[in-house]
Amino acid sequence: MNDPLQGESPPVVDTVRCTGCGRCVAACGSRLLSLEVDGFRKYAQIGISKRCKRCLACVPACPVRALRAD
């Protein structure tokens, strides 16, 4: 794994920080991220995290840094 963006676990969404803009959803090549609605708020959520390829393209796509890779 020579790519510095490759991680060992899927990214984690900070639902408090997430604004629901959808940029991470668009950046996910595996189409595992979706926008969920909670009351009057939207936030990103990872579907089946086992299918995540850990490319982490979604992390830099987030303008408010609501995604982090552990």
Side-chain angles (χ1 to χ4, degrees):
M1 240 188 236
N2 294 332
D3 188 348
L5 289 179
Q6 294 269 326
E8 297 201 12
S9 62
V12 177
V13 180
D14 181 349
T15 58
V16 173
R17 191 171 213 165
C18 180
T19 61
C21 71
R23 291 181 187 176
C24 61
V25 175
C28 181
S30 299
R31 301 293 177 232
L32 297 177
L33 284 162
S34 62
L35 291 179
E36 299 296 320
V37 178
D38 182 22
F40 294 104
R41 288 195 72 237
K42 284 195 270 184
Y43 60 91
Q45 182 177 12
I46 297 177
I48 304 169
S49 60
K50 291 179 187 175
R51 289 184 41 210
C52 179
K53 296 178 182 174
R54 291 152 181 80
C55 69
L56 303 180
C58 56
V59 175
C62 180
V64 295
R65 297 185 195 145
L67 288 152
R68 68 175 173 19
D70 290 337

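Below, all heavy atoms of this structure are taken into account, side chains as well, without hydrogens, waters or symmetry copies. Starting from 1, each residue takes its place in the sequence as its number. What you see is a predicted model; the values in this text were computed from it and never measured.
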Donor-acceptor pairs under 3.5 angstrom involving side-chain atoms of residues 40-47: please list them, not counting sequence neighbours.
unit_1	atom_1	unit_2	atom_2	d
Arg41	NH1	Thr15	O	3.1
Arg41	NH2	Thr15	O	3.2
Arg41	NH2	Cys18	O	2.6

ask   = Cluster question for you: counting only ILVMFWY and a side-chain heavy-atom cut-off of under 4.5 Å, with indirect links fine, are Val64 and Val13 together?
value = no
note = Between Pro11 and Leu56 the two heavy atoms that sit nearest each other are CD-CD2, 3.7 Å
ask   = Looking only at heavy atoms, what is the nearest atom pair of Arg54 and Ser9, with distance?
value = NE-CA, 3.6 Å
ask   = CZ/Arg65 to CG/Leu67 distance, rounded to the nearest 0.5 angstrom?
value = 12.5 Å
Under 3.5 Å, which donor-acceptor pairs link side chains of residues 27-34 to any protein atom two or more places apart or in another chain?
unit_1	atom_1	unit_2	atom_2	d
Arg31	NH1	Val25	O	3.4
Arg31	NH1	Ala26	O	3.3
Arg31	NH1	Cys28	O	2.6
Ser34	OG	Glu36	OE2	3.1

remark   = Across all chains, not counting sequence neighbours, the salt bridge (charged side-chain N to carboxylate O under 4.0 Å, His left out) partners of Arg17 are none
